[in-house]
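Structure, as structure tokens:
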Amino acid sequence: MIRMKLTVGVRLSAGTLALMVALGAASTIAQEARPYQPQLNQPGKDVQWVPTPPALVEKMLDMAHLTPNDRLVDLGSGDGVLVIAAARRGARARGVEYDPRLVEFSKRSARAAGVSARTKFVRGDIFETDFSDATVVTTFLLPSMNLRLRPTFLALKPGTRIVANTFAIGDWEPDETATIEPCERWCTAMLWIVPARVGGTWRTPKGDLTLTQRFQFISGTLGNEPIESGRLSGEEISFAIGSTTYRGRVEGYRLRVRATVDGKVVEWTARPAPRR
């Protein structure tokens, strides 16, 4: 009797094995070659990445009254949508982002949108970046980060517009707030206009104008009369004394105001009182 032993299995040739290895390597390379795509809540230096809804992007730019003459800087620019949207409106726009992958992703998106000539994306730390040339600043940062940036914001040129997604800047009250509908998350835009600095004593033909300033709000006295409803919007200033409302403009070391008193227009100029 002849006994036969059967072996069940597949024996691969060296050539087949080499082909499989090559195919696997090619698949890995193909996966690595795919363009990077940001992932929701991916960790960053200070915050996780969360996209700004397109409708809120447009609302933020509307609130800023963005024009082609503006220079917008987006702090923590993420996937670049605000910068690209600003460029589509004709403005020059720059994004500052710490994650180099998001910087490159934003550059590709800008090229695809045809706005590379009006956009710039740089890798940088927003707390160490000079953006004093901006006329519009946009943010989607945590409240603690906005608060840390507040002294820098207030040092910007008066009239600079700051627009934030959702999170406030400490107790600096927004000049305007808007919410998009329908709303799920991240639906609120807030606008601040950097006020001129007017706190102190000014010499006027009507006596000393003494002003106390808290962000865009002012109080004080003109001579012995108290000021009411004092407010700044960039370099524009307004306040009431009794039934008379004064409106004017801060021009560096000069304050020009006008009012109508007994049917007549009254104008005067104030200058800072000499320091003692």
Side-chain angles (χ1 to χ4, degrees), residues 44-50 52 56-57 60-61 63-67 69-83 85-87 91-100 102-103 106 119-177 186 188-200 211-218 231-237 250-253:
K45 175 179 176 289
D46 298 295
V47 294
Q48 296 180 337
W49 178 76
V50 177
T52 298
L56 190 63
V57 168
M60 291 171 71
L61 298 180
M63 290 176 69
H65 297 289
L66 188 79
T67 75
N69 295 322
D70 280 311
R71 296 180 302 278
L72 178 142
V73 175
D74 188 24
L75 300 178
S77 53
D79 58 356
V81 293
L82 259 161
V83 171
R92 293 198 170 274
R94 182 167 83 249
V96 182
E97 172 56 50
Y98 194 80
D99 189 330
L102 287 170
V103 172
S106 299
T119 61
K120 183 177 182 180
F121 294 94
V122 296
R123 180 176 185 263
D125 187 325
I126 60 174
F127 299 110
E128 299 177 2
T129 299
D130 180 9
F131 51 91
S132 58
D133 61 325
T135 58
V136 176
V137 178
T138 53
T139 76
F140 185 13
L141 303 172
L142 295 174
S144 60
M145 299 172 70
N146 282 341
L147 188 59
R148 183 177 170 188
L149 286 165
R150 188 169 72 183
T152 304
F153 291 153
L154 289 167
L156 294 173
K157 182 179 178 181
T160 302
R161 290 93 77 199
I162 300 167
V163 192
N165 176 349
T166 303
F167 298 115
I169 310 177
D171 58 352
W172 182 7
E173 183 177 315
D175 291 289
E176 184 180 346
T177 300
W186 322 122
T188 300
M190 290 174 283
L191 168 71
W192 294 262
I193 301 174
V194 175
R197 288 163 286 283
V198 298
L211 299 177
T212 299
Q213 179 175 2
R214 181 168 177 77
F215 307 121
Q216 70 269 49
F217 301 104
I218 53 175
R231 192 174 182 114
L232 288 154
S233 178
E235 294 176 322
E236 304 295 324
I237 187 170
V250 184
E251 300 173 353
Y253 293 103

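Quick note: residue numbers are just sequence positions, from 1.
Looking at Val103 and Val122, their side chains never come closer than 4.5 Å, going by heavy atoms from C-beta outward. Counting only heavy atoms from C-beta outward, the side chains of Met145 and Phe167 never approach each other to under 4.5 Å. A 4.5 Å side-chain heavy-atom check between Val81 and Val83 finds every atom pair outside the cut-off. Side-chain contact between Leu232 and Gln213 is present, with heavy atoms from C-beta onward closer than 4.5 Å. Side-chain contact between Phe121 and Leu102: absent, with no pair of heavy atoms (C-beta onward) separated by less than 4.5 Å. Annotation: side chain of Ile193 is in contact with side chain of Ser233 (closest heavy-atom distance under 4.5 Å). At least one side-chain heavy atom of Thr177 sits under 4.5 Å from a side-chain heavy atom of Thr188.
Scanning all heavy atoms of the two residues, the minimum distance from Gly124 to Val96 falls at O-CG1, 3.8 Å. Nearest heavy atom pair, residue Leu82 against residue Met60, reads CD1-CE, 4.0 Å. Closest approach of Val136 and Ala64 over heavy atoms only: CG1-CB, 3.9 Å. Contact record, Ala168 with Asn146: O-ND2, 3.1 Å, taken as the closest heavy-atom pair. In plain terms, the two heavy atoms of Met63 and Glu176 that are nearest each other are CE-O, 3.5 Å.
We find that Asp175 and Arg161 are not joined by a salt bridge, their nearest charged nitrogen and carboxylate oxygen being 4.0 Å or further apart. At a threshold of 4.0 Å, the pair Asp133-Arg94 counts as salt-bridged, since one of the basic side-chain nitrogens sits closer than that to a carboxylate oxygen.
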- Task: Report the C-alpha distance between Leu72 and Leu61 in whole Å, list the side-chain angles of each, state the deciding distance to 0.1 Å, and finish with yes or no for side-chain contact (heavy atoms from CB on, under 4.5 Å).
- Result: CA-CA 10 Å; Leu72 178 142; Leu61 298 180; 3.7 Å; yes
- Task: For side-chain contact (heavy atoms from CB on, under 4.5 Å), just list the numbers for Thr135 and Thr160, CA-CA rounded to whole Å, side-chain angles, deciding distance to a tenth of an Å, and then say yes or no.
- Result: CA-CA 5 Å; Thr135 58; Thr160 302; 5.5 Å; no
- Where do Ile162 and Ile169 land on the side-chain contact (heavy atoms from CB on, under 4.5 Å) test, with the steps shown first? CA-CA 10 Å; Ile162 300 167; Ile169 310 177; 4.2 Å; yes
- Item | Full working for ring pair (Phe, Tyr, Trp, His ring centres under 6.0 Å) between Trp172 and Phe153 | CA-CA 11 Å; Trp172 182 7; Phe153 291 153; 7.1 Å; no
- Query: Step by step, would you call Val137 with Val163 a side-chain contact (heavy atoms from CB on, under 4.5 Å)?
  - Reply: CA-CA 6 Å; Val137 178; Val163 192; over 6 Å; no
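The distance from the CG atom of Asn165 to the CG atom of Leu56 is 4.5 Å, given to the nearest 0.5 Å. Distance check: Glu173 CD to Arg214 CZ gives 10.5 Å after rounding to the nearest 0.5 Å. Taking CG of Asp125 as the start and CD of Glu97 as the end, the distance is 10.5 Å to the nearest 0.5 Å. For the atom pair CG (Leu147) and CG (Leu141), the distance works out to 12.0 Å, reported to the nearest 0.5 Å. In this structure, Tyr98 OH and Ile126 CD1 are separated by 12.0 Å, a value rounded to the nearest 0.5 Å. How far NZ of Lys157 is from CD of Glu235: 6.5 Å, rounded to the nearest 0.5 Å.
In summary, the aromatic rings of Trp186 and Phe140 are positioned with their centroids under 6.0 Å apart.
A donor-acceptor pair is defined here as one N or O able to donate and one able to accept, closer than 3.5 Å; such a pair exists between the side chain of Arg197 and the backbone of Leu154. A donor-acceptor pair under 3.5 Å links the side-chain atoms of Asp130 to the main chain of Ser132, judged by distance alone. Between the side chain of Ser106 and the main chain of Gly78, a donor-acceptor pair closer than 3.5 Å is present. Distance alone, capped at 3.5 Å, places no donor-acceptor pair between the Asp70 side chain and the Arg92 backbone. Looking only at distances, no side-chain donor or acceptor of Asp74 sits under 3.5 Å from a matching main-chain atom of Gly95.
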